[in-house]
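Just so it is clear: chains get the letters A, B, ... in the order the sequence lines come, proteins before strands, and each one is counted from 1. Nothing here was measured: the structure is a model prediction, and the numbers come from that model.
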Amino acid sequence: MEIRKDTPIDIEKDKDGILLDDVNRELYDFKDEEKDEDFYKVDEGLTPDIIREISEEKNDPEWMREFRLKSLEIYNNIEVPDWGPPIDGLDMDRIVTYVRHKSDMKSDWNEVPEDIKNAFEKLGIPQAEREALAGVGAQYDSELVYHNVREDVKADGVIYTDMESALTGEYADMVKEHFMKLVPPTDHKFAALHGAVWSGGSFVYVPKGVKVDIPLQSYFRLNARGAGQFEHTLIIVDEEADLHFIEGCSAPKYNVANLHAGCVELYVARNAHLRYSTIENWSKNMYNLNTKRALVEEGGTIEWISGSFGSHESYLYPTSVLKGDDSHAEFTGVTFAGKGQNLDTGAKMIHIGRRTSSFIDTKSICKSGGISTYRSSVVIGKNAEGAKASVNCGSLMLDSISRSDTVPAIEMRTDKADVGHEAKIGRISDEAVFYLMSRGITEAEARAMIVSGFASPVSKELPLEYAAEMNNLIKLEMEGG
Amino acid sequence: MSDVLLSIKNLSASVDNEMILKDINLNIRPGETHVLLGPNGAGKSTLGNVLMGNPVYKVESGSITFEGEEIVNESADKRANRGMFLSFQNPLEVPGLSLESFIRNAIRQKTGKAVRILKFKKELEEKMGLLNMDPSYADRDLNVGFSGGEKKKAEILQLLMLNPKFAILDETDSGLDVDAVKNVSKGIEEYQKSEDGALLIITHSTKILESLKVDYTHVLVKGQIVKTGDASLVKEINENGFEAYL
């Protein structure tokens, strides 16, 4: 085993302290005018009665209602985590857990109500679908409002549906067998909360040997004031199958703290391949407490591509459980923490099978007093002989009042494994800015180019329109207005 | 002298409160090639950086005009868009930004127009061929993992693509092997041949000058120009060194 640690790269003095103004997020922070009578809402706060009400409203099968009530019990008995960013700003009694627009799910975009349609049109959905996607699901507040899958993908037997339909649909047994087995409600307080109040999200099943050659996409939008979003994503990629799934998330800005506690469970069967890409762009009052986990069988591969923008505080550590021999996981992520943001992100790799391999490559950027913490954990189990793991995390601080921390943990229970770790923390180099400027590029543009370049390991893994959106987000964060 | 391109008058500049340049005067006309020689630490690179507007250096007094307009307080990007260029002694590495998209961005900034991709690519390929540069470098991250020679070729490639009115070449030949110097010189010759491209070549060796037309030679010692001559001064320094001027 070897552990490498490199010295920090050129840390240069920043003459002006803060160089960049705060972001103009208007593009994303638009709020739609809502009429209260169009919506169904449960009372604020959380009681068994509210859970029953949600369950009834959603026509849950019996087992799901019990599951929700059990989760609520667990929720009431677990403490709030105390090791990450403070979350005392979150008053659970005031978060409306379930908000749903009074309209049924549509598969024809023209039938989606105007206000919701406007919100998604502004975000580029479903233009994206028209351009290059195999299927789109759009979730507004708690429920999926739009869903469409291309005919040829359907014909291959690929199932892409909302979670609620999946509970009673053709694959009901499969859903029951997998739902919150990878992320049990006992995992942590917000997993329990999720189990109790989850709503919406996607179910995807790719049958054996089917290779979906264009990405499936899902988009979430949280609009109601003080509402929580608890969507559940369950993806099962069967043996030898292949899928790229993209999730985009967005929320407008409100004064009341909003909560997002979604759950993503990914099952990658033998020799299957799943790429799961997300660009999360939450408004800056969001508490993003999201749990994502993948289980990978023999010879399977999971690839995570993750961009974390926005939110007030985030806890996000997608986990790959490499159960099968020769299974493989890659995590590529970028996090941008600006003013008033405390983003605690990273990844976990759990090596169980032999010759399993994992690779973590993360970039974090902070400015205007933002705090960005990289937190990771690599566990090599006692039977994981021949395992290989590599962790590479880089941080870029854009001024002297921002903060970047690195908390990488490595736990090895066998010595027949190879683990490498490299961490670099640096400042944006004034000389590099001058270099780009000497070619006629403005200072603001030069800085944005350097930051985009720093984040390019993520953007170059994304489909073109998403890479463009990410670079646009970086530019917005850099430019201010 | 209305045809003066760059005019430096009584220029003094410092870094960290230490005076580096003292009362520099220099006029450069379109198409002229000036060579700036001098021992290590004389302030040669400082002059190049001050002319280009590196904020690390502070101009204490004097003026710099370009095409008759005062630029001493202008930022580097504005100077570049007027038609000035600096080939860096130590070009910086920018991960995630390809050489090609860097040049394309710079051209777009300069012209204010979208770049016509096919025409651009063809020209880039041509110039890379001239410099004997492997075409794969276009897609590589700017200067990242480039050898010293490739970094300098990439600088000259930018010079040829941006085609400025005036270019400062800061130690472009230092640390290069014979072949690299030959390729880089070829690029500089090409620039000289272009419409009225003016040059200030900063060097402490004279290898690179062998194949180039030189109009004026200046010797800089301790921040001051102590001697100005024609191309023959290069030969003299080459034979006798700077001893006589120290």
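The aromatic rings of A:Tyr276 and A:Trp304 stand perpendicular to each other, their planes meeting at an angle above 60°, with 30° marking the opposite boundary.
Each of A:Ala446, A:Ser452, A:Gly440, A:Ser456 has some count of heavy-atom pairs under 4.5 Å with chain B, and the biggest count is that of A:Gly440. Listed options B:Asn54, B:Ile107, B:Asn105, B:Val94 were ranked by heavy-atom pairs under 4.5 angstrom with chain A; first place goes to B:Asn54.
In this structure, the portion of B:Leu142 lying under 4.5 Å from any heavy atom of chain A is its side chain and not its backbone. Neither the backbone nor the side chain of B:Arg82 comes within contact range of chain A; no heavy atom of the residue lies under 4.5 Å from a heavy atom of that chain. Both the backbone and the side chain of B:Asn49 come within contact range of chain A, each with at least one heavy atom under 4.5 Å from a heavy atom of that chain. Heavy-atom distances place the side chain of B:Leu162, and not its backbone, under 4.5 Å from chain A. Heavy-atom distances place the backbone of A:Phe454, and not its side chain, under 4.5 Å from chain B.
Ring to ring, B:Phe88 and A:Phe434 are close: their centroids are under 6.0 angstrom apart.
Taking 4.0 Å as the cut-off between side-chain N and carboxylate O, B:Lys186 and B:Glu190 do not count as a salt-bridged pair. Of the charged side-chain nitrogens involved, none lies within less than 4.0 Å of a carboxylate oxygen, so that B:Glu123 and B:Arg116 do not count as a salt-bridged pair.
Closest approach of B:Leu6 and B:Phe66 over heavy atoms only: CD1-CD1, 3.9 Å.
Side-chain polar atoms of A:Thr335 and A:Thr345 form a donor-acceptor pair below 3.5 angstrom.
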